[in-house]
Amino acid sequence: MSEAPQRLRYRHEFLRVARGGKKCAMPGLVLQVRKQQILENKQNQKNIRIGFTVSKKIGNSVTRNRARRRLRSVADIVMQKSAASGNDYVIIGRKSTTKREFCALVKDLENALTMLGKARLDGFSKNEGHAK
RNA sequence: CCAGACGGUCGGAUGGCUGCCCUAAGCAUAUGGGAAACCUGCGGUGGGAGGAAAGUCCGGGCUCCACGGGGACACAGUGCCGGGUAAUACCCGGCGAGGGCGACCUCAGGGAAAGUGCCACAGAAAGCAAACCGCCUGUCCUAACUUUAUUAGGCAGGUAAGGGUGAAAGGGUGCGGUAAGAGCGCACCGCGCCAAUGGCAACAUUGACGGCAGGGUAAACCACACUGGGAGCAAGACCGAAUAGGAGCGACAACUUAAAUCUAAUUUAAAGGCACGUCUCCGUGCCGUCGCUCGGGUGGGUUGCAUGAGGUGCGCGGUAACGUGCAUCCCAGAUGAAUAGCCAUCCCCUUGAAAACAGGGACAGAACCCGGCUUACAGACCGUCUGGUAUU
RNA sequence: GCCGCCGUAACUCAGGGGUAGAGUACUCCCUUGGUAAGGGAGAAGUCGUGAGUUCGAAUCUCACCGGCGGCA
């Protein structure tokens, strides 16, 4: 269990992911992905990093805490097997996060990952095309 | 049984599996991250949100700064009395005023006779009282009238009963009295003042006197009494890249006056400005630009950081708040921030005649720590008391 | 976490105890061949919410609600 994912901690990291990454909205959550910076070490690049964002629009601090905990347990289940290494992920809570069933949240995250995986491949091919 | 008042307790319960945060004994001082400081391993004992954790409205502990010395002023807060407390604007017990049939509740509840201000509109008059409509008197004048009487108007007075305005019009009710009236007199009530008694006191009771003076507003200024230095754990301490800023040295530029030197530059003194709430007396510190050197220090890490005005039980003192003695317990410490997911049984609520099924579980998340206040809150339980109804 | 500031017409703001105002915007009329500008008239307000003080509160006091800013 030593491969517990690192957490994003600072505002600029979140802003970097939100600005330059891909985004996918599902009924229970919103997922953002961006590849990590190349300046980091190789060992660091193996890890995936996850951040959670639950804004004040969702509710008071109790409901915000609850939403973040559910998102974290969902990420614990899903990310280890199906997340691509070397990426930064940001999961954003929505108003339905506290009410939605847990299995549905898991499926939401899996679907978002597959969608963004395809999107990322497409983006890479496009970038290469531009480079050429 | 119904309706209600007050006080207190709880804030869904139990179990299983997979995970999270802190942590004791023990094992390793190796690996990894980092520039460094420092963090990190294995292991798993024990523990893991609240009555309001909230609002940040008060009071403290703790930390740093000012802590030069006064004096005057200012600012802010509190305001019946006594007690409790580390302290309070909190709590307890009394007193007074108001509300309720009652249990009981509410009260920024001192001074308006130190002074100043304000009281719009309406109204005659809104503050050393006054006289609009009225009422009354006249041996005054005019008119009606033969005269008296009477009536109307004017003039000169008296009056504060009645009307009207207003939130408020300078005691209230009744009787006497009078030309009409009036504390003018009397009784009761209110008010003021004096004395006695009771009480630590606020105050209460009684008696005598006064003869109504002193409208309201101090959550208007204010006077009186008391209290208060400022900031806050993003306080502070320690370890530590770069940059900016600081100190020393050198160079340059500017300057109000005086003295020293022929001038410049420099030095000294005074003056000026800024800082310590303001002023004053003294006292202290500082006063532009560029280059070099030095120690310090932000982002980062460690600490502050959880044994405390602590909880629980019993006894004693006290009407109570509370104090005190003994025993016992250790009970969250994160820093993008720890309680989640699934399952089972029970409890409660909703839909419903009932069962089953289904859905749901109030308000709400510690961030240095305590004592209060205020605000939010589904429901459940306990105790004391009041009013009504019924029965005995 | 701590410390401050502000809520008044659709918008920007005055008013700091006595009938709540200004500018822009809106509606109607005049002017013009028509529009703009200009002139005239009008409508639009729980003064953030609730208590209290006062005869009387947008104003004074207290408690809430909402918004904004500062401190590493």
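What you see below is based on every heavy atom in this structure, not just the backbone, and it leaves out hydrogens, waters and symmetry mates. Numbers restart at 1 for each chain; the letters A, B, ... are given by sequence-line order, proteins then strands. Since the structure is predicted, the reported quantities are computational estimates derived from the model, not experimental observations.
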- Task: Look at all strands and tell whether A:Asn60 reaches a base, only sugar-phosphate, or nothing, counting heavy atoms closer than 4.0 Å.
- Result: sugar-phosphate
- Item | Any donor-acceptor N/O pair under 3.5 Å between B:rG365 base and A:Arg69 side chain | yes
- Examine distances only and state if a side-chain atom of A:Thr98 and a backbone atom of A:Ala67 form a donor-acceptor pair shorter than 3.5 Å. no
- Item | Check: A:Val17 main-chain N/O paired with A:Asp88 side-chain donor or acceptor under 3.5 Å | no
- Message: Does A:Thr63 reach a base, just sugar-phosphate, or nothing at all? Heavy atoms under 4.0 Å.
- Response: nothing
- Message: Counting only Watson-Crick pairs (N1-N3 plus N6-O4 or O6-N4) and G-U wobbles (N1-O2, O6-N3), all under 3.5 Å, who is the partner of C:rG56?
- Response: none
- Query: If pairing requires Watson-Crick or G-U wobble contacts with both distances under 3.5 Å, which nucleotide is the partner of B:rU147?
  - Reply: none
- Query: Mind checking who B:rG236 pairs with, Watson-Crick or G-U wobble, both distances under 3.5 Å?
  - Reply: B:rU303
- Note on the structure: Out of B:rG341, B:rU339, B:rA364, minimum distance to the side chain of A:Val62 belongs to B:rA364
- Task: Mind calculating the distance between CG (A:Asn65) and C1' (B:rC20) to the nearest angstrom?
- Result: 13 Å
- Message: At less than 4.0 Å, is any side-chain N or O atom of A:Arg68 found next to OP1 or OP2 of B:rA340? Yes or no.
- Response: no
- Could you check if the base of C:rG48 is syn or anti? Syn means the glycosidic torsion is within 90 degrees of 0. anti
- Task: Let me know the distance between CZ of A:Arg70 and P of B:rG365, rounded to the nearest Å.
- Result: 19 Å
- Note on the structure: Closest non-hydrogen contact found for A:Ile58 with A:Gly93 is CD1-O, 3.6 Å
- Syn/anti label of C:rC68 as read from its glycosidic torsion, with the cut at 90° from 0: anti
- Under 3.5 Å, is there an N or O donor on one side and an acceptor on the other linking the side chain of A:Asp76 and the base of B:rG19? no
- Base paired to B:rU165 (Watson-Crick or G-U; both N/O distances under 3.5 angstrom): none
- Item | For B:rA204, the Watson-Crick or wobble counterpart (both distances under 3.5 Å) | B:rU197
- Which base, if any, makes a Watson-Crick or G-U wobble pair with B:rA380, both distances under 3.5 Å? B:rU9
- Kindly determine whether A:Phe102 and A:Arg70 satisfy side chain to side chain contact (heavy atoms under 4.5 Å, CB included), including the steps that lead there. CA-CA 8 Å; A:Phe102 193 75; A:Arg70 298 191 68 164; 3.9 Å; yes
- Would you check if the side chain of A:Arg94 reaches a backbone N or O of A:Met26 as a donor-acceptor pair within less than 3.5 Å? yes
- Message: Please classify B:rA204 as syn or anti, treating any glycosidic angle within 90° of 0 as syn.
- Response: anti
- Message: Both distances below 3.5 Å, Watson-Crick or wobble geometry, any strand: find the nucleotide opposite B:rA340.
- Response: B:rU18
- Task: Scan every strand shown for a Watson-Crick or G-U wobble partner of B:rC67, both distances under 3.5 Å, and answer none if you come up empty.
- Result: none
- Task: Compare side-chain N and O positions of A:Arg66 against OP1 and OP2 of B:rA364 and report whether any pair is under 4.0 Å apart.
- Result: no
- Touch class at under 4.0 angstrom, heavy-atom based, for A:Arg64 against every strand present: nothing
